[in-house]
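Each chain gets a letter, A, B and so on, in the order the sequences are listed, and its residues count up from 1.
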Amino acid sequence: MTGQAKAGRPNQLLRNLNSKIASIPMILTALVIFLGGTAWTVFYSFTNSKLLPRLSFVGFDQYKRLWAAPRWIVSIENLAVYGVLSLIFSLVIGFVLAALMDQKIRFENTFRTIFLYPFALSFIVTGLVWQWVLNPEFGVQSVIRSLGWSSFTFDPLYTPSIVIYGILIAALWQGTGLVMCLMLAGLRGIDEDIWKAARVDGIPMWKTYLFIVIPMMRPVFITTLVIIASGIVKVYDLVVAQTSGGPGIASEVPAKYVYDYMFQAQNLGQGFAASTMMLITVAIIIVPWAYLEFGGRKRA
Amino acid sequence: MNSSVSIRDLSLNFGAVSVLKDLNLEINDGEFLVLLGSSGCGKSTLLNCIAGLLDASDGQIFIKGKNVTWEEPKDRGIGMVFQSYALYPQMTVEKNLSFGLQVAKVSQQEIDKRVARASEILQIQPLLKRKPAELSGGQRQRVAIGRALVRDVDVFLFDEPLSNLDAKLRSELRVEIKRLHQSLKNTMIYVTHDQIEALTLADRIAIMKNGIIQQLADPTTIYNKPRNLFVAGFIGSPSMNFLRGEIAKQGDQMFFTANGVNFSLAGYDTPEALQVGRKVILGVRPEHVKVNENLGAEVHDATVDIEEPMGADNLLWLKHAGHTMSVRINGARRFSPGSAVKLGFDMSLASLFDAETELRI
Amino acid sequence: MNSSVSIRDLSLNFGAVSVLKDLNLEINDGEFLVLLGSSGCGKSTLLNCIAGLLDASDGQIFIKGKNVTWEEPKDRGIGMVFQSYALYPQMTVEKNLSFGLQVAKVSQQEIDKRVARASEILQIQPLLKRKPAELSGGQRQRVAIGRALVRDVDVFLFDEPLSNLDAKLRSELRVEIKRLHQSLKNTMIYVTHDQIEALTLADRIAIMKNGIIQQLADPTTIYNKPRNLFVAGFIGSPSMNFLRGEIAKQGDQMFFTANGVNFSLAGYDTPEALQVGRKVILGVRPEHVKVNENLGAEVHDATVDIEEPMGADNLLWLKHAGHTMSVRINGARRFSPGSAVKLGFDMSLASLFDAETELRI
Amino acid sequence: ANATDLEVTHWWTSGGEAAAVAELAKAFDATGNKWVDGAIAGSGGTARPIMISRITGGDPMGATQFNHGRQAEELVQAGLMRDLTDVATAEHWKDIIRPSSLLDSCTIDGKIYCAPVNIHSWQWLWLSNAAFKKAGVEVPKNWDEFVAAAPALEKAGIVPLAVGGQPWQAAGAFDVLMVAIAGKDTFLKVFKDKDAEAAAGPEIAKVFKAADDARKMSKGSNVQDWNQATNLVITGKAGGQIMGDWAQGEFQLAGQKAGTDYTCLPGLGVNEIISTGGDAFYFPLLKDADKSKAQDVLAKTLLDPKTQVAFNLKKGSLPVRGDVDLAAANDCMKKGLDILAKGNVIQGTDQLLSADSQKQKEDLFSEFFANPSMTPEAAQKRFAEIIGSAD
Amino acid sequence: MPDAIALKTADGAAGKSFSGPSGPKPKRVISPRNIMLYGTLFVAAAYYLLPLYVMIVTSLKGMPEIRLGNIFSPPVEITFEPWVKAWATACTGLNCDGLSRGFWNSVRITVPSVVVSIAIASVNGYALANWRFKGSELFFAILVVGAFIPYQVMIYPIVIVLREMGIYGTLTGLIIVHSIFGMPILTLLFRNYFASLPQELFKAARIDGAGFWQIFFKIMLPMSLPIFVVAMILQVTGIWNDFLFGVVFTRPEYYPMTVQLNNIVNSVQGVKEYNVNMAATILTGLVPLVVYFVSGRLFVRGIAAGAVKG
Ligand SMILES: Nc1ncnc2c1ncn2[C@@H]1O[C@H](COP(=O)(O)OP(=O)(O)OP(=O)(O)O)[C@@H](O)[C@H]1O
Ligand SMILES: Nc1ncnc2c1ncn2[C@@H]1O[C@H](COP(=O)(O)OP(=O)(O)OP(=O)(O)O)[C@@H](O)[C@H]1O
Ligand SMILES: [Mg+2]
Ligand SMILES: [Mg+2]
């Protein structure tokens, strides 16, 4: 048998061919749309394209103008406030609800449906409804005033300093249900024995959650964080439907700045520069995550 | 002797399913009791009831003479070790040990003392700063025991603490647990479905089936005088050989007869129970069948079907009078499949069961 | 003898990690070869390479003389049985068996014939219409084997097919697999980390460690003449007793001496390897130590530390000359902890290993 | 000709606007073709991106509304729009369209690319007679009187000046104040010549002072859309509103009569000058010959005298032809026509500034009106910067 | 030892030790814990239900009643006219057929888009989980990062790509756009899910000779109901609720219901007709809501299998 020839390695391109064929849509999307589109956008952010993209380069002018624009600064500040608060509150409320739901309660299905149904509605709808509920003439404020507390004031949508909280209320209403679901799935994945061990050790429920369960749910928190964060960066529809960025420019957000300048102001260059800044923000958020998620797994 | 844990008429239902049925059990002070049974028979459920992690549907539980039926787990003076260890993954070993004490507001000095003592007993001092993920299976096991140890409890509960480990480690840790019991002298209740663990560790074994204790006795009794067919078949690997037949008499000699083959019953330990014509089941353990050597008075013919050499022992599967019989012999003695052999049976070591009640007679 | 599977210089790396290293293995036609090794040593990886489920980094694989290194799994003439059985949950047993044939466009008539034959051999005819979820562990196991059987393959690959089962079922199915091999006479490659399975099933055992085959031999040789310290320690439960010491001479009598205690080496099987002063490790299996009976010429003193009765056997952990020694005796002989005993060693059954190379001498 | 469907996109969706569009559709359908309505609600800001995407994406509509001026400039330069010069010559648009600046805005490199349909002027103050009656003051005749009457209105629980939340409303109101207070020359200096110095100067400072007043007076008008603001005036909840003549459509729809129910003050009653912005239809270049023909028909129809009258009456705007008879026009429209006839006109900011600069301006004024802590001085400084970099 | 009876006390009542607590610990229904637990849940539920309540109540009122004030008070006189108007007669520009036209457009867009995007993503996820090839993880990483890119950034390049392909403004174009933007999250879900299925099944099928597609259709698909439900719910809600793509990438004859909703809500005729707006809002959200109510249970299961692991 020594005479047998060593079989050559077949062409590597053809191995796994079906898989490669099946992945063509993904590869095209990744390369053409996500990579190509992004590169295209970054590239044109250095031009002074107006209504149509054109190749007249102006260096960093668009960026200088961007960072000098009060509306952009306000947008960034709003995004920061909205982002941090909505992260914190989504996680806290979502987790608390999930923890409550995990207590073997009655009507679990009903409660879960109630918490989750807003997620089925679009931001447009959410924005409209909360605009309505928060309207000082008809909504919560007028109702409470009509109950006798006539000095009661709660009109976030018409008060520039707190308008972002009005948007936050609506966003939380829409999104916490999903967070709760994710958390609930995570909680259900925790080993029953851990709970038992904690009970035998005499650790009170809240301490068990705080010191044992939450640290164990790290992966769930990370997944959730990524989902919430990606939504935060993109927030647009909600603001448009609820306040259109008002009063004044008090509730502007970066995505709206991009859209308005690209299409309303017909200044693509400015819009592209703003998108590029958003991309950089996104990169700052997710590159560490992607590194942990994809880089880390290979080593594990 | 003092009763350490006492269970009276305990019942437990999950909805309509009754898992434990009117269960009674007295466990002595310092005793090592093993609950043995196949999967789903209710062992963990019973243990969880004792720990207070499940509410009984009926009945009472006493620990150290105190009725603890309604007490919280932490107030029962028990410590528990779980199959998956249930270590708190993000805490160091030291924190795992001390967390329960800190919550109970024990002074730091006392905590340090107890952790030091437990980690000395379990020899985990070098691991105190590590996290559970950085420990081997055996080390985790020890930490889990340590968590019960620091709490200075009267009763240790173990729920299959070794079944996640590989065979080698399992046999090592078995010895360690045994040693620990010898030095601590606490009451220990240990759930397992591994009979080797039960036989080697237990002072007494309670064999469970469908939520009912089938036999409660020391390992030797369980092994040699199983109370019923279930216990006999459950204990021993490979399992006891069972032959269905009836009792016959020839002259003044009692026989067990099956498939036309007679086995002399001379030497059976309770001869008074042998009535001619009674339908019985004969049980003989594989190591109590002699092959070719020391055959005794009565000799049977058989052929080797399969041979399973296992190192120290050699397991033969024989064809004998229409049934298959397993025989364990010394590992050095080898037989090739198909060869003819002679068998001898020692009835003083065999068991007879009533075919109907399945109880040992 | 014809070679059925032949592996030449096989290497496999996962990224930078080299899992298999220049592995060579010839498996004979009709042979039952067991790959034995602890978790993570590369057994499954090797099996997957043979099956074509993993691409080798280097080297070649021949099956029935044909180079199949780059063939698709289905073209290799192999069948595989997995630890979790990997039955298709949504298909009936019958569909599970016939799926591969249908994919291969075998005629329906032929499919029916083969399924009928396989289900007869495995006695699963009554189960054909059920889904896997409605089967017991043992039945699933049989269906999984059946799936390989219908495909009429030359080589069966088993990846720890029994390790998900409980002890009782495991020992039953072990016998069935052995019987199947005796009747089919196919080549079988069987991965396990359970040494009992390896010893009972194998014609030859390949013991692996870190992707390298440590010893390839029949079970008796592996058990009695382990090639190195690793093999010696890996096989046998409880593990072989090891004593570190050196060779000495008194008069014309060779001795092994450790902690000031001498063991006569009379009867050691390769006396020519014994040079005075050589640092060696003495290995004695627990069942080769005699306690109080048949002691032989040389007698040692020891005390019982722990006793582990295991039914048929009784395991003693003894304190002897500064180390712990395990001894296996008959289950009927009992000793209480602390009692003094006398030991005897039979050097013809012991092994000596070079302290440096760890190879048997 | 056989019937051709022509899709027309626009953002005229309020009550008065929709009624006006219906007139256009009726006229076009009468030619044997079919008007397929593609209304996109919101405002130009919502609709324009969609229109532009469709044109640049290669799926153009038959005709589309833009504010004439600079919004479609680049589309024309990219060759995506249809040249209407032939129709225009045949129909003598040069002669009939008045003021001629309207057609100039449609002309690029000597070719005509759009058909103007109306003249909209921004410079109007709409007052609710009922509100002033309730407050017990005379209906003001000019801006200063209006400012003076504000406290009385407030006391009566009436918001003096309704300003909607949409950014263009604030910016528009400022432009109106500028014409009224600083005059035509300054207006042109700032917006036509982009003179940053003038923008920072004392004249404009006065305008900012007035804007500051307007800001104070508008506190409490919590509405978004311009017609909701108008509605506040109609219902007497607000005293007045600075809004273009399209607001008139809403008054009409509500059945109110100029003079008795409401009062209009062109040029805020200070400086009777009106701007001549407006809407125009552009016609993307289509491949289908039938549709191209239908486009010509539509262009012709839009400027037909009958269509002009019917449309503008409903819309509340002024016709682009001087030769039509607007006997049916109400008081306010007649005032407008008078001013137009006198030639007291200026170009609108849409025609003078790029969309980009307009947007920046909107950002500034919507912030200024919503944020009381922003001083007029700071706002003026930023205004000057925008003008300085405007194009 | 006689028999099993010995282990049981024959008569429980006779035992002296049977004093003290026995049987299950008595549970009070109104314990502080339960009050806290259900109290919090009910308050939270009220917060989540409030807007829905307001929507429904408002949609059943007439305009005069709305103008009178309290949005929370139930309608004095129930009228379904706003619903009829929202569905059938509300005007946008010249079209006065309410949401009805948009509804069928939404169906025409949603059904193929959901099917196509899930089909593509499931195959992608399957390839990534079971048939990795060089670079497959890299493409996937790009894809996932792509999930974060604001849509606005991508609109322009996509318009150009679609124009070059000649499918701008067509239904096909819109389906492609939805598939592209659904791909990152869906692929992630499917990949994690398929990776969590036992690898041995896949290996067994390969040994049985099944190829890429056979394994996918015959082995993997039948086991993947939960994750398909999750994907379906996400896509149905996402695509049904989409406004931006529906309006930017299609022509008016395909405008989805959300566009009509936006038109109705933003076409203010005099005063805002809140009742019609609310009715239109509910009507628009109805389809995803029904999908949720019907398959919500599977949703949580699927989330547990696909999103959290991995
Ligand atoms: N929460 C529960 N609800 C309903 N039935 C349960 C519950 N927990 C356990 N059971 C049932 O009670 C029976 C006993 O379960 P238990 O866990 O005590 O078995 P076990 O003897 O510990 O088995 P194993 O060896 O598998 O751990 C089983 O049939 C199980 O299905
Ligand atoms: N896909 C993979 N990528 C990287 N390393 C791997 C991969 N699969 C296996 N390994 C590594 O290769 C080594 C051998 O794995 P293998 O599965 O062959 O072990 P095994 O002997 O079958 O163990 P077990 O008894 O646990 O099944 C292990 O160290 C494992 O971590
Ligand atoms: Mg259990
Ligand atoms: Mg393996």
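Proximity to chain E is absent for every atom of A:Gln141, based on heavy atoms less than 4.5 angstrom apart. Contacts between A:Met262 and chain E at a heavy-atom distance below 4.5 Å involve the side chain alone, from C-beta outward. Only the side chain of E:Leu261 comes within less than 4.5 Å of a heavy atom of chain A; its backbone N, CA, C and O stay farther away. Within the 4.5 angstrom heavy-atom criterion, no atom of E:Met36 approaches chain A. With a 4.5 angstrom heavy-atom cutoff, A:Val235 does not touch chain E via any of its atoms. Heavy-atom distances place no part of A:Ile232 under 4.5 Å from chain E, backbone and side chain included. Using a 4.5 Å cut-off between heavy atoms, A:Leu28 does not touch chain E at all. E:Ile160 touches chain A through its side chain: at least one heavy atom from C-beta onward sits under 4.5 Å away, while N, CA, C and O do not. For E:Ile282, no part lies near chain A; criterion is any non-hydrogen pair under 4.5 Å. Using a 4.5 Å cut-off between heavy atoms, A:Leu268 contacts chain E through its side chain alone, with no backbone atom that close. For A:Leu52, the parts lying under 4.5 angstrom from a heavy atom of chain E are both the backbone and the side chain. Contacts between A:Trp40 and chain E at a heavy-atom distance below 4.5 Å involve the side chain alone, from C-beta outward. A:Asp237 does not touch chain E: none of its heavy atoms, backbone or side chain, sits under 4.5 Å away. With a 4.5 angstrom heavy-atom cutoff, E:Trp213 touches chain A only via side-chain atoms. With a 4.5 Å cut-off on non-hydrogen atoms, E:Tyr292 touches chain A through its side chain but not through its backbone.
The aromatic ring centres of A:Phe111 and E:Phe42 sit less than 6.0 Å apart.
Here the CE-CZ distance, from A:Met205 to E:Arg33, works out to 5.5 Å after rounding to the nearest 0.5 Å. For the atom pair E:Asp242 CG and A:Phe123 CZ, the distance stands at 13.0 Å (nearest 0.5 Å). Rounded to the nearest 0.5 Å, atoms OG1 (A:Thr176) and OH (E:Tyr48) are 2.5 Å apart.
When E:Ser136, E:Pro157, E:Ala280 are compared by the number of non-hydrogen pairs under 4.5 Å with chain A, E:Pro157 comes out ahead. Counting heavy-atom pairs under 4.5 Å between each of E:Val287, E:Leu50, E:Leu52 and chain A puts E:Leu52 at the top. Per-residue heavy-atom pair counts under 4.5 Å with chain A were compared for E:Thr237, E:Thr40, E:Leu49, and the maximum is reached by E:Leu49. Your options are A:Val258, A:Thr126, A:Leu128, and the one with the most heavy-atom pairs under 4.5 Å with chain E is A:Leu128. The residue among A:Thr41, A:Thr224, A:Leu100 with the most heavy atom pairs within less than 4.5 Å of chain E is A:Leu100. Between chain E and the residues A:Pro25, A:Ala274, A:Ala241, the most heavy-atom pairs under 4.5 angstrom are made by A:Pro25. Of all the listed residues (A:Phe272, A:Tyr44, A:Tyr236), the one sharing the greatest number of non-hydrogen pairs under 4.5 Å with chain E is A:Tyr236. Looking only at heavy-atom pairs under 4.5 Å with chain A, the residue among E:Leu37, E:Leu244, E:Leu41 that has the most is E:Leu41.
Annotation: side chain of A:Ile27 is not in contact with side chain of E:Phe140 (no heavy-atom distance under 4.5 Å). A:Leu121 is not listed as a side-chain neighbour of E:Trp240, based on a closest heavy-atom distance of 4.5 Å or more. With contacts defined as side-chain heavy-atom distances shorter than 4.5 Å, the pair A:Thr29/E:Leu143 qualifies. With a 4.5 Å cut-off on side-chain heavy atoms, A:Ile114 and E:Tyr47 do not count as touching.
With a 6.0 Å radius and a threshold of 12 heavy atoms from other residues, nucleotides or ligands, A:Phe221 has its CZ atom above the threshold.
Note on residues 110-125 of chain A: pairs passing side-chain hydrogen bond (donor to acceptor under 3.5 Å, both in side chains), not counting sequence neighbours, are A:Asn109-A:Arg112.
Within residues 175-185 of chain E, the residues that have a heavy atom under 4.5 Å from a heavy atom of chain A are E:Ile180, E:Met183, E:Pro184, listed by number.
Nearest heavy atoms, E:Pro51 versus A:Val129: CB-CG1, 3.3 Å.
Among residues two or more places apart in sequence or in another chain, the ring pair (Phe, Tyr, Trp, His ring centres under 6.0 Å) test is passed with E:Phe139 by none. In this structure, the ring pair (Phe, Tyr, Trp, His ring centres under 6.0 Å) partners of E:Phe212, at least two apart in sequence or on a different chain, are E:Tyr126, E:Trp131.
Considering A:Pro53, A:Ser275, A:Ser49 in turn, A:Pro53 is the only one that fulfils the side-chain contact (heavy atoms from CB on, under 4.5 Å) rule with E:Tyr156. When E:Asn124, E:Leu128, E:Val123 are each tested for a side-chain contact (heavy atoms from CB on, under 4.5 Å) with A:Ser23, only one passes: E:Asn124.
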Check against side-chain contact (heavy atoms from CB on, under 4.5 Å), A:Phe34 and E:Val144:
CA-CA 10 Å; A:Phe34 290 135; E:Val144 172; over 6 Å; no

I would like to know whether A:Ile33 and E:Ile158 meet side-chain contact (heavy atoms from CB on, under 4.5 Å); could you show each step before the answer?
CA-CA 7 Å; A:Ile33 306 294; E:Ile158 291 180; 4.1 Å; yes

List the steps, then state whether side-chain contact (heavy atoms from CB on, under 4.5 Å) holds for A:Ile124 with E:Asn241.
CA-CA 8 Å; A:Ile124 300 273; E:Asn241 287 334; over 6 Å; no

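Judged by distance alone, the side chain of A:Trp132 and the main-chain N or O of E:Tyr274 form no donor-acceptor pair under 3.5 Å.
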